[in-house]
Amino acid sequence: MKNDTLTLGRKHSWTEKYGPSFMLRVILLVFFVYFFLGFMVLPCINTVKSIFTVKDSTGKTDPLAVIKFFFAGSMPTYVWNSVKLAIGLVITVNVVGISIVLLTEYFDIKGARILRMGYQTTLIYSGVALVTGYLFLYDNDGIITSLLSNAFPNMNTNWFTGFYAVWFTMTFACTSNHALFLRNAIRGIDYNTVEAARNLGAKPFKVLFKVVFPTLIPTLFSLTVMTFITGLCAMSAPTLLGYDSINPEIVRLAGSSTADESFPQARAALLSIILALFTILLLTVLTMYERKGHYLSVSKTKAKLQKQKIANPVVNVLTHIYAYILFIIYMTPVVMIVIFSFQTYSAIRLKKLDFSKLTLINFFGKQDYEYLTSRGTYKTREGSISGLFSNDATLNGIKNSFFMSIVAAALACIIVVIACNYIFKHKKTGVILEYCLLLPWLLPTILICYSYRTYFNTGDIAYVFGNNLYYQNNVRILIILAYTVVKLPFSLRMIKAAFYAIDSELEDAARNLGAGSLVTFLRVKLPIILPSVLAVFALNFNALFTEYDMSATFASSYGTTYAMVIQSMCADEGLYGYNVNASGRRCASTVFIMIVSGLILYLVYGVGSRDLAERLEIKEKRKKRIEKLKAKFKKNAAVGPTEIKG
């Protein structure tokens, strides 16, 4: 009997140790090792290797050939241009970013809510869509440029190009992080410290510089580093506004061949590695700074920050003027794009508003276009005037971006949720897993995408079973993988924070009731973190749906994304009677992006940010409203027949 009991105990122990949960962990471990080595490490190693394996004119391998070419050619110019842009943005983005937060959250400014809405428009459109908005105003035939050229006939209409155009555009495009993170930081300041300084006789601006700003230094330092990296890795604005920086040059070299110029692929690889070194250095400095720790003495009972009035009337007026000038700069592209999206192609081409002929053609439907040829005869192009949702190229771009973005956003969330569950259960080995998932943060996006393009553009890679992932429709798989890898670090930081909200006692209770680790995860942990996971999924999708940098690096007709279609939409506008209303369709595309992004941000930061009490209160109000409507309908239904009888 004892032997039988011992045997059953051993069997039970073996089943628990090497059962389905153990097999699932092994499968996931093998998958992660495969994923990490194949799609994070090996492609980047191949890129570094390609720099030192090029051959010179005699056919001999020269490890220093690319480096020699770098110093002898114009490549340092691209590096310096990117560094110059990054330094310039650090100054102007911080000035404007701090201004918009102080004007809406710290100082008592009239119309602060309206100002905040204007300042936060960059949250609902960015990248190619945002640059398109500024081009619509300031390009050689833009609205403002046309007005200025009429007033000043000798003016150079091609003024909005190059460094200053990129600097101006990105200054206002890159304040989104300030609008989110610095706003949260300043709203978290203890008002008691501000009030104490005021009681000691300190003036408002002295309180701002001596009390408020020191508490914001950690956030400002992080924003500064991220702004510098953004400027260094800029892609959309330099490409559209004609500025020679690193990323556009990498994309150009990636599409070139040795017949056109000397070892372009290796030169692109070297520029990618230079970007990576800059990024690693800056993130290392940021990490070291954060480890120092920052302390702030606050009162026991924290008070909500109250807005400060500007006592000096002259300063108050100047501050209001400055606030509304910024508002106009932010809002003008948005308002003009929305209005012109409902204008005819002729009104858009002439940049003249005509409210008597408002149209939806830029969104829906098709129209024929009749034009006069050079021979004096009229020709008709069927469907040449087409809307956003009836133009094949635009519609295919939307479909591609929607599919690839939604799959990548979901994959990133699934991988991170499983990884976080492991990290919290296995502290020692979990640290290794966490650092592996954070690796893409150390590498520029352009390096990851370029590495994929060169490494998987062959049928000899055993990791993908000899398939060429850059060939035809396979490139979509490659873009999805790149999207997923790039979004892993952000997803990890956000979802990991959600795991801290899980009470360990709940897991213990489930285990005591006989639930296995998989059942506990699915029925106990997942429902708790699901709102945060859905929020991360929404933000990932929002960013990837209008993404341009990565898709432009792959540059394949089979993987043309929505942003790429928007970028190239006006290249041949009206040529030979084709693509007549491309500018109008671009405006409509930008409006569509604003609606999608705005809806997602509302779901995440509006509905999704409400706590349980707020949700229950809204649910109760909705219930009472429905009951009131039902009662009203019942009353009307009862009164109706009585009136008929009478």
Side-chain angles (χ1 to χ4, degrees), residues 11 13-49 404 406-443 448-449 451-452 454-470 474-493 495-496 499 507 511 515-526 529 533 536-537 540:
K11 285 182 179 179
S13 176
W14 187 92
T15 304
E16 280 188 346
K17 191 172 182 181
Y18 301 104
S21 296
F22 173 79
M23 295 303 298
L24 181 62
R25 283 198 298 271
V26 171
I27 293 170
L28 291 175
L29 178 63
V30 171
F31 168 78
F32 177 77
V33 172
Y34 166 81
F35 184 79
F36 177 72
L37 290 177
F39 300 102
M40 292 192 201
V41 178
L42 292 180
C44 294
I45 291 175
N46 180 69
T47 299
V48 177
K49 180 183 172 184
M404 293 189 293
I406 204 167
V407 172
L411 280 176
C413 289
I414 292 169
I415 291 170
V416 167
V417 166
I418 295 170
C420 284
N421 188 54
Y422 181 87
I423 289 167
F424 276 81
K425 289 179 69 176
H426 306 84
K427 300 294 183 182
K428 292 182 179 180
T429 54
V431 173
I432 299 172
L433 177 60
E434 184 174 357
Y435 279 119
C436 290
L437 291 174
L438 290 173
L439 178 64
W441 243 349
L442 298 177
L443 306 174
I448 295 172
C449 296
S451 299
Y452 278 20
T454 54
Y455 185 67
F456 294 110
N457 190 14
T458 176
D460 302 329
I461 306 299
Y463 252 94
V464 290
F465 311 105
N467 293 312
N468 187 330
L469 293 186
Y470 190 62
N474 290 345
V475 75
R476 295 175 188 172
I477 299 172
L478 207 56
I479 295 174
I480 289 171
L481 289 169
Y483 281 1
T484 303
V485 169
V486 166
K487 285 298 171 185
L488 286 175
F490 170 77
S491 303
L492 179 66
R493 290 291 291 265
I495 294 175
K496 187 184 175 186
F499 266 82
E507 190 174 359
R511 192 183 298 111
S517 57
L518 182 60
V519 174
T520 302
F521 171 73
L522 294 174
R523 295 193 175 183
V524 178
K525 294 182 180 180
L526 189 58
I529 64 167
V533 174
V536 172
F537 168 80
N540 284 345

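These numbers come from the heavy atoms of this one structure, side chains and all, not from hydrogens, waters or symmetry mates. In this text the structure is predicted, and so the values were computed from the model without any measurement.
- The CG atom of Asn46 sits 10.0 Å away from atom OG1 of Thr458, with the distance rounded to the nearest 0.5 Å.
- Taking the side chain as every heavy atom from C-beta outward, Val33 and Leu37 approach each other to under 4.5 Å.
- A search for side-chain contact (heavy atoms from CB on, under 4.5 Å) contacts involving Cys420 returns Val416, Leu492, Ile495, Lys496, Phe499, not counting sequence neighbours.
- Scanning all heavy atoms of the two residues, the minimum distance from Thr454 to Ser451 falls at OG1-O, 3.2 Å.
- With sequence neighbours excluded, the residues satisfying ring-ring contact (aromatic ring centres under 6.0 Å, His included) with Phe35 are Phe31, Phe39.
- Considering only heavy atoms from C-beta on, Lys487 stays 4.5 Å or farther from Phe537 through its side chain.
- The line from CG of Leu488 to SG of Cys436 is 11.0 Å long, rounded to the nearest 0.5 Å.
- Rounding to the nearest 0.5 Å gives a distance of 11.0 Å between OG1 of Thr47 and OH of Tyr452.
- Listed by chain and residue number, Thr445, Ile448, Met550 satisfy the side-chain contact (heavy atoms from CB on, under 4.5 Å) test with Val486 (two or more places apart in sequence, or in another chain).
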Between side-chain atoms of residues 476-483 and protein atoms elsewhere (two or more places apart, or another chain), which donor-acceptor pairs fall under 3.5 Å?
{"from": "Arg476", "atom 1": "NE", "to": "Tyr558", "atom 2": "O", "distance (Å)": "2.8"}
{"from": "Arg476", "atom 1": "NH2", "to": "Tyr558", "atom 2": "O", "distance (Å)": "3.3"}
{"from": "Tyr483", "atom 1": "OH", "to": "Glu547", "atom 2": "OE1", "distance (Å)": "3.2"}

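- Residue Leu411 holds its CG atom at 11.5 Å from CD1 of Ile406, rounded to the nearest 0.5 Å.
- Partners of Asn468 according to the side chain to side chain donor-acceptor pair (under 3.5 Å) rule, which considers only residues two or more places apart in sequence or in another chain, are Asn457.
- A search for ring-ring contact (aromatic ring centres under 6.0 Å, His included) contacts involving Tyr422 returns His426, not counting sequence neighbours.
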### Query
How far apart are the C-alpha atoms of Tyr455 and Leu469, what are their side-chain angles, what is the distance that settles it, and do they pass the side-chain contact (heavy atoms from CB on, under 4.5 Å) test?
CA-CA 9 Å; Tyr455 185 67; Leu469 293 186; over 6 Å; no

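- To the nearest 0.5 angstrom, Thr484 atom OG1 is 9.5 Å from Ile414 atom CD1.
- In terms of heavy atoms, Ala412 sits closest to Asn540 at CB-ND2, 4.3 Å.
- Residues Val536 and Ser491 share a closest heavy-atom pair of CG1-OG, 3.7 Å.
- What you find for Pro43 and Phe456 is that their closest heavy atoms are CG-CE1, 4.0 Å.
- Of all heavy-atom pairs between Leu42 and Gly38, the closest is CD1-CA, 4.5 Å.
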